[in-house]
Q: 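Okay, here's the structure, questions in a sec.
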Amino acid sequence: MGVWERSPEKQRLHFHGLFNIPDGTIPSKLEKKRDYSTTTHRMQETIQSKYFNERFGRNDFKPVNEYEYTLGSAIQYLMKYIEKTGERIVYSKGLYQYFISDITDDDVVCPYDEEEHKLILFDDFKCHDEGVYMGNVCDDVIALMRKSN
């Protein structure tokens, strides 16, 4: 899941993304790099991939499960870019955009609007139709669910 954004000053197009990268599957080793941040005006340490540097330019990887990051805070980090610029979120799962389902608290990763009316769900959330469990979300279960515009 991710979102494209242009930097305000130079309009440089870049991507903020949340990826599931199983151990040993990234094409090159992640390496610590030290460079100067023009934003904070001090040296910084980042984790970069030579593979991505050669193909796409500067990159910065941060594990979700370390330090202050949780899955919810990582998703909220992405959502702030969508909300501030009106950008469109990019998904990889190809799910339908609208269908009606009751959900349980266990399926909620985090809210992403100030009133907490919009929620980010885990990608295997349980679908319910008026209290009846229909199954975990998948093409077959979505086909059974009521649709909405």
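A quick note: this is a predicted structure, and the numbers were derived from the prediction, not measured.
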Q: Quick check on side chain to side chain contact (heavy atoms under 4.5 Å, CB included): which of R146, M145, M134, K126 does S101 satisfy it with?
A: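 Of R146, M145, M134, K126, side chain to side chain contact (heavy atoms under 4.5 Å, CB included) with S101 is met by M145 alone.
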
Q: Would you call the rings of H41 and Y36 parallel, tilted or perpendicular, taking 30° and 60° as the class edges?
A: tilted

Q: When clusters are formed by joining ILVMFWY residues with side-chain heavy atoms under 4.5 Å apart, either directly or through shared neighbours, do Y133 and I142 land in the same one?
A: no

Q: Could you see if M43 belongs to whatever hydrophobic cluster contains I47? Use Ile, Leu, Val, Met, Phe, Trp, Tyr and a side-chain cutoff under 4.5 Å.
A: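 Different clusters.
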
Q: S49 and L30: which non-hydrogen atoms are nearest, and at how many Å?
A: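 Closest pair (atom of S49, atom of L30, distance): CB-CD2, 3.8 Å.
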
Q: Using atom types as modelled and distance alone, determine if a side-chain donor or acceptor of N136 lies under 3.5 Å from a backbone N or O of D124.
A: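 At least one qualifying donor-acceptor pair exists.
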
Q: Are the aromatic rings of F15 and F56 close, with centres under 6.0 Å apart?
A: no

Q: Between D35 and Q44, is any side-chain donor less than 3.5 angstrom from a side-chain acceptor?
A: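 Yes - a donor-acceptor pair under 3.5 Å links their side chains.
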
Q: Using the side-chain hydrogen bond (donor to acceptor under 3.5 Å, both in side chains) criterion, which residues pair with Y51? Sequence neighbours excluded.
A: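 If we apply the side-chain hydrogen bond (donor to acceptor under 3.5 Å, both in side chains) test to Y51, skipping adjacent residues, there are no hits.
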
Q: Step by step, would you call K33 with K50 a side-chain contact (heavy atoms from CB on, under 4.5 Å)?
A: CA-CA 11 Å; K33 300 280 184 178; K50 182 177 178 183; over 6 Å; no

Q: Does the side-chain contact (heavy atoms from CB on, under 4.5 Å) test come out yes or no for F61 and I26, once each step is laid out?
A: CA-CA 11 Å; F61 286 83; I26 198 161; 3.9 Å; yes

Q: Can you tell if the side chain of I103 reaches within under 4.5 Å of the side chain of H128, non-hydrogen atoms only?
A: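 A side-chain contact under 4.5 Å is absent here.
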
Q: Would N53 and Q48 count as a side chain to side chain donor-acceptor pair (under 3.5 Å) if you check the C-alpha gap in whole Å, the side-chain angles of each, and the deciding distance to 0.1 Å?
A: CA-CA 8 Å; N53 272 339; Q48 298 185 25; 3.0 Å; yes

Q: Look up atom CG in D123 and atom CG in D107, then write down how far apart they are to the nearest 0.5 Å.
A: 10.5 Å

Q: Under the side-chain hydrogen bond (donor to acceptor under 3.5 Å, both in side chains) rule, collect the residues that match up with T25, sequence neighbours excluded.
A: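 Expected list: none.
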
Q: If we only count heavy atoms from C-beta on, is the L121 to V108 side-chain gap below 4.5 Å?
A: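 Of all side-chain heavy-atom pairs linking V108 with L121, at least one is under 4.5 Å.
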
Q: May I ask you to decide if T46's main-chain N or O and D60's side chain share a donor-acceptor pair within less than 3.5 Å?
A: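 Not at all, since once roles are kept as given, no pair shorter than 3.5 Å links the two residues.
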
